[in-house]
Structures are given as C-alpha cells and as structure tokens.
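What follows is a single structure, written as structure tokens, with notes after it.
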Amino acid sequence: MIQSVTRAAQILRALERQGPRLGVTELSERLGLAKGTVHGLLRTLEFNQFVEQDAETGKYHLGPALLELGNAFLDNHDLRARSLLWAESLASRAQEAVRVGVLNGDNVLIIHHVFRPDNSVQILEVGAAIPWHACALGKAIVAYLPDEPRAELLKAPLPQLTGRTIIFPHEISTGLENVRHKGFAIDDQEAIVGEAGLAAPILADGGRPVGAIGLTGPVEDILPDGPHPTKVASLRDAARNLSRDMGGGRMSALRD
C-alpha cells in the first residue's frame with residue numbers, strides 16, 4: 001500500500017467520524033502522525049476540494065468533492081439502479097418507507113430510500129450509516145455471510161444506540177439463525193426509539209448477500225402484534241425479485 005494515500009484516507013475518516021471540524025494538532029494526536037505530515041496532506045486534500053479550512057478557526061472539515069464522488073458512487077451502483085422499481089412498488093404496497101442498504105465495514109450504508117407515501121415530514125436517509133447489529137437491514141445481510149466474516153463482525157465493538165439495542169454476541173448469533181430460518185430480519189426500536197424495521201436479504205449467485213431491502217416506520221405499524229404478515233409478504237416478494245435481478249435466481253432462502 002502507498003503510505004501517503006493511506007494517511008490521507010485516515011484524515012478523511014477522522015473528519016467523518018470525529019469531526020466535524022478538526023485542527024492540525026488534533027488530527028496529529030488522534031492519528032499519531034507528525035504535525036508537518038498532517039499539514040502537508042491537508043493542503044493537498046484542500047487543493048483537490050476533499051477538505052476545506054474554516055477561515056475563522058483554521059480547522060478543517062470535509063469538502064464538496066467527496067459529495068460528488070458519493071453521488072457518482074450511487075449513480076453507478078448496480079444494486080441501487082436495479083432496486084429503484086422494486087423499492088417504489090414495495091413502498092406503495094406496504095404504505096411504509098423503504099430503504100436499500102449494503103454492508104460497509106461494520107455499518108449498513110443506505111443507498112436508496114423511498115419515502116412513506118403519505119404527507120408526513122420525512123428526511124432522506126441516502127448516505128446514512130447505521131451500525132449493522134442495530135437495524136434489520138444489517139441483520140438480514142450478516143445472517144447470510146460466511147462464518148468467518150460474520151464472526152469478525154461479532155467480535156468488533158457493538159454500540160448501544162437505544163435501551164433495546166442488542167449488544168451481546170451470543171444473543172445476536174441466535175437472532176441471526178432465526179433470520180436464516182425465516183428469511184427476514186426485525187429490529188424493534190434498536191436504532192431509534194419508536195421506530196421498527198423489517199428487512200430481507202438480496203442474494204446474488206450462490207446465495208451471496210449483496211445487500212438488503214427493508215421497511216421502516218412506527219413500531220405500532222411495523223410490529224403491531226409481531227411482524228405485520230402482509231408487510232412481510234410484500235417485503236419477501238420484493239427481495240425475491242431483486243435477488244433474481246442480481247443473478248440469484250429464486251433463492252430457496254427467500255421462498256415462502
């Protein structure tokens with residue numbers, strides 16, 4: 001690996017996770033790099049608009065070029081392109097918001113979001129990152145991973161986002177087995193209090209999980225007395241269709 005590129009990536013990650021604004025000294029201390037090295041990398045990143053410097057504080061934050069790259073990533077993402085029709089149809093059938101996500105490290109990255117088809121105020125979540133263990137999308141994906149990468153995710157820190165977030169690896173493992181048995185995952189106020197989710201995996205060739213599609217909304221709508229059966233049926237149908245489009249055929253894991 002090229003050291004300077006790795007260090008530049010570390011700076012961008014630090015501004016993403018620990019920012020929003022950090023100075024040269026703060027970055028130097030957090031990354032364990034010399035101030036001169038950090039300053040030189042920041043100047044190069046600033047020249048290319050990957051970071052910007054605040055005129056008043058002298059601190060740095062992420063720049064507009066990253067947004068352009070993010071939009072290009074979404075525009076060229078095969079799963080996102082193939083999910084547009086099915087996600088819209090699912091939102092209409094279930095009368096709930098629909099999200100499509102992919103695993104990115106220990107988070108789920110939302111690559112497509114269809115608003116709930118009503119007049120309520122909603123926030124677009126495309127680009128949002130959610131800890132995989134705290135959302136149905138993440139559980140639906142990780143349940144179908146091979147043993148080794150699944151075990152690695154369970155070893156990593158599992159932050160507790162609400163009082164209902166499950167953080168014990170053995171308990172999560174049991175839940176993942178249930179996901180494989182049922183073909184869909186549930187989260188009950190594990191990421192946001194009052195909000196629940198249902199999700200099913202999108203499987204490509206050989207049963208390889210490439211993402212998940214899910215419903216999210218008020219817990220009383222999604223889980224009135226357990227998973228809403230009509231919504232589950234609509235969700236599984238959308239996941240089957242998307243899996244077929246991604247080369248997975250009619251995967252047995254998603255059959256009724």
Side-chain angles (χ1 to χ4, degrees), residues 1-81 83-84 87 97 99-115 121-135 137-138 141-142 149 152-153 155-162 165 191-192 195 210-212 216:
M1 292 187 291
I2 300 174
Q3 189 178 61
S4 59
V5 176
T6 299
R7 288 174 170 175
Q10 289 175 328
I11 288 174
L12 295 175
R13 287 293 188 188
L15 290 172
E16 173 207 0
R17 296 172 179 170
Q18 303 171 7
R21 288 175 169 78
L22 295 173
V24 173
T25 300
E26 292 168 302
L27 285 165
S28 173
E29 292 173 350
R30 297 185 188 199
L31 300 177
L33 299 174
K35 289 183 182 180
T37 299
V38 171
H39 184 259
L41 289 168
L42 284 169
R43 291 297 298 273
T44 302
L45 290 169
E46 183 181 20
F47 178 79
N48 289 282
Q49 296 186 304
F50 290 118
V51 302
E52 289 184 338
Q53 186 178 29
D54 186 277
E56 293 184 5
T57 65
K59 294 187 176 184
Y60 291 85
H61 57 88
L62 297 176
L66 291 173
L67 180 60
E68 295 173 7
L69 290 177
N71 287 335
F73 166 78
L74 292 172
D75 289 343
N76 292 285
H77 199 289
D78 188 36
L79 175 56
R80 181 177 187 272
S83 71
L84 300 180
R99 301 183 300 193
V100 178
V102 296
L103 194 63
N104 181 35
D106 53 7
N107 291 320
V108 169
L109 177 67
I110 305 301
I111 61 171
H112 186 49
H113 179 203
V114 180
F115 284 164
V121 177
Q122 300 173 66
I123 299 173
L124 186 66
E125 296 183 33
V126 172
I130 308 168
W132 73 268
H133 68 290
C135 65
L137 290 168
I141 299 170
V142 174
E152 286 300 315
L153 285 169
K155 288 179 185 176
L158 301 171
Q160 186 155 20
L161 304 186
T162 75
T165 309
I192 299 174
E195 185 176 287
V210 293
T216 184

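With contacts defined as side-chain heavy-atom distances shorter than 4.5 Å, the pair L15/L22 qualifies. Using a 4.5 Å cut-off on side-chain heavy atoms (C-beta onward), I11 and L27 make contact. Residues R7 and T37 have side chains in contact (heavy-atom distance under 4.5 Å, counting atoms from C-beta outward). In this structure, the side chains of L158 and P131 stay at 4.5 Å or more apart for every pair of heavy atoms. A heavy-atom distance below 4.5 Å is found between the side chains of L103 and L153. For the pair V102 and V108, the minimum side-chain heavy-atom distance is 4.5 Å or more.
Between the Q53 side chain and the G58 main chain, a donor and an acceptor come within less than 3.5 Å of each other. With hydrogens and angles disregarded, a donor-acceptor distance shorter than 3.5 Å links the side chain of H113 to the backbone of E125. In this structure, the side chain of E26 engages the main chain of G23 through a donor-acceptor pair within 3.5 Å. Judged by distance alone, with hydrogens and angles left aside, the side-chain atoms of S28 form a donor-acceptor pair with the main-chain N or O of L33 at under 3.5 Å. Of the possible donor and acceptor atoms, none in the side chain of H112 sits under 3.5 Å from a partner among the backbone N and O of A81. A donor-acceptor contact shorter than 3.5 Å is absent between the side chain of R99 and the backbone of I110.
Separating the OG1 atom in T25 from the NZ atom in K59 is a distance of 9.5 Å, to the nearest 0.5 Å. Here the CZ atom belonging to R13 is positioned 12.5 Å from the OG1 atom belonging to T6, to the nearest 0.5 angstrom. Distance CD1/I141 to SG/C135: 7.5 Å, rounded to 0.5 Å. Distance check: R21 CZ to E52 CD gives 9.0 Å after rounding to the nearest 0.5 Å.
Partners of Q160 under the side chain to side chain donor-acceptor pair (under 3.5 Å) rule, at least two apart in sequence or in another chain, do not exist in this structure. Shown here are the side chain to side chain donor-acceptor pair (under 3.5 Å) partners of S83, two or more places apart in sequence or in another chain: there are none. Applying the side chain to side chain donor-acceptor pair (under 3.5 Å) criterion to Q10, with sequence neighbours excluded, gives no partner residue. Residues that satisfy the side-chain contact (heavy atoms from CB on, under 4.5 Å) test with I2, not counting sequence neighbours, are S4, V5. By the side chain to side chain donor-acceptor pair (under 3.5 Å) test, T57 pairs with D54, sequence neighbours left out.
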**Prompt:** Between I130 and L137, does a side-chain contact (heavy atoms from CB on, under 4.5 Å) hold up when you go through it step by step?
**Reply:** CA-CA 9 Å; I130 308 168; L137 290 168; 5.5 Å; no
Show me the side-chain donor-acceptor pairs of residues 41-50 shorter than 3.5 Å, one per line, residues at least two apart or across chains.
{"residue": "T44", "atom": "OG1", "partner": "G40", "partner atom": "O", "Å": "3.2"}
{"residue": "N48", "atom": "ND2", "partner": "T44", "partner atom": "O", "Å": "2.9"}

